[in-house]
Amino acid sequence: MTPFAYVGAALAEIAGCYSFWAWLRLGKSPLWIVPGMISLALFAWLLTLVDSDAAGRAYAAYGGVYIAASLGWLWAVEGLRPDRWDVTGAVICLVGATVILFGPRPA
């Protein structure tokens, strides 16, 4: 469930933030923030579905997924292909997220 919650949360957060970007930076209608706010609320709810005893740890691990998803958004929505440095950085972040989420913890 955790990978699906993270991916869904990332897409919801990026879409919500992009709605504000579209309004403030791209000259779109202020009505764009309505679905953006709904999307950001969905993002917050999805993070509560992550299987973790500590919110901070769940959020820290989520950061790596968010970075990778943001580069996917860059390519799919904005039409800019991530370069090798983008991809390298995202891989490093995902490795870090995996260590944070699945590293051994004392019982």
Side-chain angles (χ1 to χ4, degrees):
M1 179 61 162
T2 294
F4 297 112
Y6 275 155
V7 170
L11 294 175
E13 182 180 14
I14 294 165
C17 291
Y18 187 77
S19 71
F20 281 83
W21 181 275
W23 168 45
L24 295 170
R25 300 282 303 264
L26 302 177
K28 302 292 185 183
S29 164
L31 292 175
W32 273 61
I33 64 172
V34 174
M37 295 296 289
I38 293 167
S39 187
L40 289 171
L42 175 63
F43 147 72
W45 174 74
L46 285 167
L47 278 185
T48 68
L49 302 178
V50 171
D51 185 27
S52 177
D53 292 335
R57 188 169 290 132
Y59 301 157
Y62 164 72
V65 176
Y66 177 80
I67 290 167
S70 295
L71 293 174
W73 182 278
L74 174 72
W75 194 354
V77 175
E78 297 182 69
L80 298 172
R81 185 177 176 149
D83 63 24
R84 66 182 172 166
W85 300 111
D86 294 327
V87 173
T88 300
V91 168
I92 291 168
C93 291
L94 288 171
V95 169
T98 301
V99 170
I100 290 168
L101 196 59
F102 298 112
R105 305 267 187 266

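No hydrogens, no waters, no symmetry mates; every other heavy atom, side chains included, goes into these values. Here the structure is a predicted model, which is why all the values come from computation and not from measurement. If you read the sequence from its start, that first residue is 1, and numbering goes on from there.
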Check: Thr88 side chain, Arg84 main-chain N or O, donor-acceptor pair, under 3.5 Å: yes
Minimal non-hydrogen separation, Leu46 against Gly8, with atom names: CD1-C, 3.4 Å
Shared hydrophobic cluster, Trp73 / Leu26 (ILVMFWY, side-chain heavy atoms < 4.5 Å): yes
Arg25 atom CZ: more than 12 heavy-atom contacts under 6.0 Å: no
Rounded distance (nearest 0.5 Å) linking atom CG of Leu71 with atom CD1 of Ile67: 8.0 Å
Of Tyr66, Tyr62, Tyr18, the residue whose pairing with Glu13 passes side-chain hydrogen bond (donor to acceptor under 3.5 Å, both in side chains): Tyr62
Single-linkage hydrophobic cluster Leu94~Leu74, side-chain heavy atoms < 4.5 angstrom: no
Val77-Ile14 co-clustered via ILVMFWY side chain contacts under 4.5 Å: yes
Same apolar cluster (I L V M F W Y, side chains within < 4.5 Å links), Leu42/Leu49: yes
Pairwise side-chain contact, Leu101 with Tyr6, heavy-atom cut-off 4.5 Å (strictly under): yes
Closest approach of Asp86 to Pro82 (non-hydrogen atoms, all atoms of both residues): OD2-CA, 3.4 Å
Nearest atoms (heavy-atom pairs only) where Gly64 meets Ala97: CA-CB, 4.2 Å
Minimum heavy-atom distance Ser39-Ala15, with the two atoms named: OG-CB, 3.7 Å
Between CG on residue Leu11 and OG on residue Ser70, distance to nearest 0.5 Å: 9.5 Å
Qualifying residues under side chain to side chain contact (heavy atoms under 4.5 Å, CB included), relative to Ile33, sequence neighbours excluded: Phe20, Trp23
Trp21 atom CH2, neighbour heavy-atom count above 12 within 6.0 Å: no
Flag if over 12 foreign heavy atoms under 6.0 Å of CG, Asp83: yes
Shared hydrophobic cluster, Phe102 / Tyr59 (ILVMFWY, side-chain heavy atoms < 4.5 Å): yes
Lys28 NZ to Ser19 OG distance, which is reported to the nearest 0.5 Å: 12.5 Å
